[in-house]
Enquirer: 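What follows is a single structure, and I will ask about it in a moment.
Please read these numbers as outputs of a predicted model, since none were measured by experiment. This chain uses plain numbering: 1 for the first residue, then up along the sequence.
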Amino acid sequence: MPPRTKGFAKPKNAKKTILRIISYMGKYKALWILVLLCVAISSGAGVAGGYLIKPALNNYIIPLIGQQNPDFSRFAHLLFAVMGLFLVGVIASWCNQRLMIYISTNLLYNIRCDLFSKLEKLPIRFYDAHTHGELMSRFTNDTDTLREMMSQTIPQLFSSTITIVSVFVMMLILSPMLTLVLVVILIGMFQLIKFIGKKSANAFRQNQKSVGELNGFIEEMIEGQKIIKVFNHENIARAEFAGLNENLRKAGTSAMTYGGVMGPITNNLSHAQYAIIAILGSLFMIIGKSRPGFLNSFTGLLDLGTLAAFLQYTRSFSQPIGMMSQQANSILNALAGAERIFAIIDETEEVNEGKYNLVNAYEAKNKDGEFKLVQSFAKTGEWAWKNPVDNSLIKLQGDVVFDHVTFGYEEDKTVLHDINIHAKPGMKIALVGSTGSGKTTTINLLTRFYDVPENCGKITYDGIPLNEINKDSLRKSLGMVQQNTHLFTGTIRENIRYGNLEASDVQVYEAAKLANADHFIRHLEKGYDTVITGDGASLSQGQRQLLAIARAAVANPPVLILDEATSSIDTRTEALIEKGMDSLMEGRTSFVIAHRLSTVRNADEIIVLEHGKIIERGTHDQLIAAKGRYYFLYTGNRITLDE
């Protein structure tokens, strides 16, 4: 098997990640315009309401001080106007939230679809190199952080940005001098926020990576719980988990520390800023009253209403900045998650450059009375390879040739050395050898899970170079039963039909009988309608493997691959299905990988692999008579074994 690695290629930087997210947002341009309009109305209502403090004090409150019978009717009218203004802001804010919920859920829907679609297009080598838990973390933790940012953080950022710009303009109108003081204070705040944000981004990126590694470890440990208990590996598993958990704790502590200090720091600085503006504003107002004209050219004419409105804007200005800094945690966490998601979406897809396609065909007489292959758009039971360039057809016979094939999962580690195999149509080829000898790798090349590099030999299928055959068509011509079976959530009928979605119920039953699975299926409470969950946890390993054999049988493939297909079946059951397996392989080119050598005695050719090399080949009787490696594997007798 290829080596397994941790993590992925280095993720994109924050700027590119943000642009990627924006590209997904671009699908909802009209809705974003409505969102911005609602945010502008909501923020504008708040800003306008703050400005009304000035006329309320200067024109309605202060003139009434000292009057014996003050008339508050004008002030009441102003209050009703303010209430109406804020009501409009509340309605706009509600519409904004509803629109953002719709946009965020649909945006995440698109990202999850793209992510899952990408996973379906990635080569097997990708899955061989990464744990399932690590991949699942992309759909859970990483998408959750992105969801939180889209539904909560971005609306607040829009609102805060518009509020800050609007308030800043109003403060410039009220007092340019006090605005300049505010800007100087804010520059210091932004430098501090930038420093903390940089540290926090790295911490959150490491935190997300640690979460993925821990999930991958947990997934492996849960799947292998029986093995852990059998070999008393609990203490070591706990120690390894503790190490990964400690890494996550440290990463989480660092991320939360940097993220947690930003809010309090900005809040305290905003309070200090408010106090400084209030003191300086009061001094400017006192000086302006006591010495008219002094500093007025710099400060603007300050009165109580102007100062009160400016202080209100100072609070309105600081509040969104504080909110933005507090949302930095969510933003940085989401960007780290988004980088990991896009790292998968940017992975190189499985290349399917083959030009030969598998089509239905039949033989028909031409004008000269000769039989010629003709493509059929109806099912004929016969197949042919079609070259779309010249529309020529080559009959599918199952003639497979490995011609001096050398292969390694890594450039410096060769797994197969100069492999030569010729499986003629209808032949049964058995691959035997010790673990790690290259049997499964040979099958991986035949199925094009991995491709033979250039100048390392070639594989042909009916005379066609394997890399020139469309992968979908190639795999459609192959039926495979693996040692580690996998059943999907659904009924037994649906799991068998997975090999041929167009198979009728009768074909499903016949395939089950051929695999000797019909008997135990009908004894289940709901028979073929029994629902399988948890990869068939309610069935024995042997029963699951029988269903996998039935799934291959219903596909009715021209070429059959059995990778330890009977390894989990007891000797009695194996004897019962041997006839059915022979019927299944009859007329088909078959490749059989087996450790239990009794299952390959009737193979047309047995190929013995050792360290990626073919050391023996022949029939069972020939190899037994030779008393070599196969003889040892079959009998355990080392008398003539040359190590």
Side-chain angles (χ1 to χ4, degrees), residues 1 123-125 127-128 358 383 396-402 405 407 415-416 419 421-433 435 437-452 459-462 464 466 469-487 496 498-500 511 514-515 544-569 574 577-578 580-597 599-600 602-609 614:
M1 290 297 293
I124 292 296
R125 119 178 9 253
Y127 294 97
D128 286 341
L358 192 63
W383 300 92
L396 194 162
Q397 301 180 75
D399 188 282
V400 178
V401 177
F402 283 70
V405 172
F407 175 78
V415 178
L416 297 178
I419 299 299
I421 301 173
H422 187 186
K424 297 178 181 179
M427 283 185 64
K428 178 180 179 181
I429 304 294
L431 303 176
V432 301
T435 300
S437 60
K439 302 184 299 297
T440 299
T441 300
T442 303
I443 298 304
N444 283 341
L445 295 179
L446 177 58
T447 54
R448 289 196 69 189
F449 290 158
Y450 294 84
D451 283 324
V452 179
I459 303 174
T460 61
Y461 191 163
D462 292 328
I464 306 170
L466 203 66
I469 298 177
N470 180 281
K471 287 184 178 180
D472 293 337
S473 292
L474 170 67
R475 292 165 187 168
K476 188 176 182 180
S477 73
L478 304 173
M480 189 171 186
V481 181
Q482 295 178 305
Q483 179 180 3
N484 299 320
T485 61
H486 181 80
L487 300 177
I496 295 176
Y498 198 86
N500 179 8
L514 187 64
R544 293 200 292 270
Q545 206 144 27
L546 289 174
L547 292 180
I549 294 172
R551 185 162 57 195
V554 81
N556 194 26
V559 176
L560 189 63
I561 300 171
L562 304 176
D563 187 356
E564 291 292 342
T566 60
S567 62
S568 298
I569 299 174
E574 181 182 0
I577 69 168
E578 185 174 349
M581 291 292 292
D582 288 340
S583 299
L584 180 61
M585 290 186 286
E586 185 177 354
R588 293 184 173 89
T589 304
S590 303
F591 289 85
V592 181
I593 296 176
H595 285 125
R596 189 183 297 175
L597 301 185
T599 62
V600 298
N602 62 346
D604 296 301
E605 184 176 35
I606 299 173
I607 295 175
V608 183
L609 292 166
I614 298 178

Enquirer: Just to verify, what does Tyr461 make a ring-ring contact (aromatic ring centres under 6.0 Å, His included) with, not counting sequence neighbours?
Expert: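 Result, ring-ring contact (aromatic ring centres under 6.0 Å, His included) vs Tyr461: Trp385.
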Enquirer: If every non-hydrogen atom of Asp604 is compared with every non-hydrogen atom of Gly426, which pair is closest and at what distance?
Expert: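 Of all heavy-atom pairs spanning Asp604 and Gly426, the closest is OD2-O, 4.0 Å.
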Enquirer: Any sub-3.5 Å donor-acceptor pair from Ser473's side-chain atoms to Ile469's backbone N or O?
Expert: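 Between the backbone of Ile469 and the side chain of Ser473 there is no qualifying donor-acceptor contact (under 3.5 Å).
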Enquirer: Has the side chain of Lys439 got a donor or acceptor atom that lies under 3.5 Å from a matching backbone atom of Gly433?
Expert: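 Yes, because the side chain of Lys439 sits within donor-acceptor range (under 3.5 Å) of the backbone of Gly433.
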Enquirer: Working note: Met480 + Ile443, criterion side chain to side chain contact (heavy atoms under 4.5 Å, CB included); need CA distance, chi angles, decisive distance, verdict.
Expert: CA-CA 10 Å; Met480 189 171 186; Ile443 298 304; 3.6 Å; yes
Enquirer: What are the two closest non-hydrogen atoms of His422 and Met427, and how far apart are they?
Expert: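 The answer is O-SD, 4.1 Å.
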Enquirer: If you measure from OG on Ser437 to CD1 on Ile593, what distance do you get to the nearest 0.5 Å?
Expert: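 Spacing of OG (Ser437) from CD1 (Ile593) equals 8.5 Å.
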Enquirer: I'd like to know if the side chain of Arg448 reaches the main chain of Arg475, judged simply by a donor and an acceptor atom lying under 3.5 Å from each other, with no hydrogens or angles considered.
Expert: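 Not at all, since once roles are kept as given, no pair shorter than 3.5 Å links the two residues.
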Enquirer: Any side-chain heavy atom of Thr447 within less than 4.5 Å of one from Ile561?
Expert: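 Contact flag for Thr447/Ile561 side chains = yes.
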Enquirer: So how far is it from Asp128 CG to Ile124 CD1, rounded to the nearest 0.5 Å?
Expert: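 Interatomic distance, Asp128 CG to Ile124 CD1, rounded to 0.5 Å: 6.5 Å.
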Enquirer: To the nearest 0.5 angstrom, please state how far the OG1 atom of Thr440 sits from the CG atom of Leu431.
Expert: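 That separation rounds to 9.0 Å.
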Enquirer: Heavy atoms only: give me the nearest Leu466-Leu445 pair and the separation to one decimal.
Expert: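 So the minimum-distance heavy-atom pair works out to CD2-O, 3.3 Å.
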Enquirer: Any side-chain heavy atom of Asp399 within less than 4.5 Å of one from Pro425?
Expert: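 Of all side-chain heavy-atom pairs linking Pro425 with Asp399, at least one is under 4.5 Å.
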Enquirer: Does Arg551 have any salt bridge (charged side-chain N to carboxylate O under 4.0 Å, His left out) partners at least two apart in sequence or in another chain, and if so, which?
Expert: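 Checked Arg551 against salt bridge (charged side-chain N to carboxylate O under 4.0 Å, His left out); zero matches.
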Enquirer: How far does CG of Leu358 sit from CG of Asp472, to the nearest 0.5 angstrom?
Expert: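 Going from the CG atom of Leu358 to the CG atom of Asp472 covers 11.0 Å.
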Enquirer: Check Ala423 against Ile429 and note the closest heavy-atom contact, atom names and distance.
Expert: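 Scanning both residues completely, I find the closest heavy atoms to be CB-CG1, 3.6 Å.
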Enquirer: Ser477 and Leu474: which non-hydrogen atoms are nearest, and at how many Å?
Expert: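 Closest pair (atom of Ser477, atom of Leu474, distance): OG-O, 2.6 Å.
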Enquirer: Could you give the distance from CD1 (Ile614) to CD1 (Ile419), rounded to the nearest 0.5 Å?
Expert: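 Ile614 CD1 to Ile419 CD1: 4.0 Å, rounded to 0.5 Å.
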Enquirer: Ignoring hydrogens and angles, tell me if any N or O in the side chain of Asp462 forms a donor-acceptor pair with the backbone of Gln397 under 3.5 Å.
Expert: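 Flag set: sc Asp462 to bb Gln397 pair under 3.5 Å.
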Enquirer: Atom CZ of Phe591 and atom CD1 of Ile421: how far apart are they, to the nearest 0.5 Å?
Expert: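 Going from CZ on Phe591 over to CD1 on Ile421, the span is 6.5 Å.
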Enquirer: Which atom names give the shortest non-hydrogen contact between Ile496 and Ala550, and what distance separates them?
Expert: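 So the minimum-distance heavy-atom pair works out to CG2-O, 4.0 Å.
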Enquirer: Side-chain contact test, heavy atoms from C-beta onward, threshold under 4.5 Å: evaluate it for Thr442 versus Ile607 and give yes or no.
Expert: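 No, every pair of side-chain atoms sits at 4.5 Å or beyond.
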Enquirer: What do the steps show when you test Asp451 against Lys471 for side chain to side chain contact (heavy atoms under 4.5 Å, CB included), and what is the final call?
Expert: CA-CA 11 Å; Asp451 283 324; Lys471 287 184 178 180; 4.0 Å; yes
Enquirer: What residues form a ring-ring contact (aromatic ring centres under 6.0 Å, His included) with Tyr498, not counting sequence neighbours?
Expert: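 Result, ring-ring contact (aromatic ring centres under 6.0 Å, His included) vs Tyr498: Phe488.
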